[in-house]
Amino acid sequence: MTLDLAKRGQKLKILDIKEPRVKAQAIRFGIFEGETVFCSEIIPAGPIIIRKHTQEIAIGRGLARLITVASATK
């Protein structure tokens, strides 16, 4: 599934970031394939908020569609 389909409170593993430009930006924030993140909030008609440790990042829906994730075990 893609990140835009994530549910609030879900622990996710990043599987693939398709767009090289998006991948480069994600790496700057410490998010890369194989990383586990937490979906802390979903803003209606807005961004997906993910958390890695204490850092929260808002990702727009268009970009979230380019990030493939899987539900991670708790």
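Only this structure's heavy atoms are used, side chains among them; waters, hydrogens and symmetry mates stay out.
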Open item on the list: Working note: Q10 + S71, criterion side-chain contact (heavy atoms from CB on, under 4.5 Å); need CA distance, chi angles, decisive distance, verdict.
Closed with: CA-CA 7 Å; Q10 194 172 19; S71 184; 3.8 Å; yes
Open item on the list: Running the 4.5 Å side-chain criterion over Ile, Leu, Val, Met, Phe, Trp and Tyr, what cluster does I42 land in, apart from itself?
Closed with: M1, L3, L5, L12, I14, I17, V22, F29, I31, V37, I48, I50, I57, I59, L63, L66, I67, V69
TODO: Mind listing the closest non-hydrogen atom pair of K18 and T68 along with its distance?
DONE: NZ-OG1, 3.4 Å
- [ ] If a pair satisfies salt bridge (Lys or Arg N to Asp or Glu O under 4.0 Å) and one of its residues is in residues 46-61, list it, with sequence neighbours excluded.
- [x] E35-K52
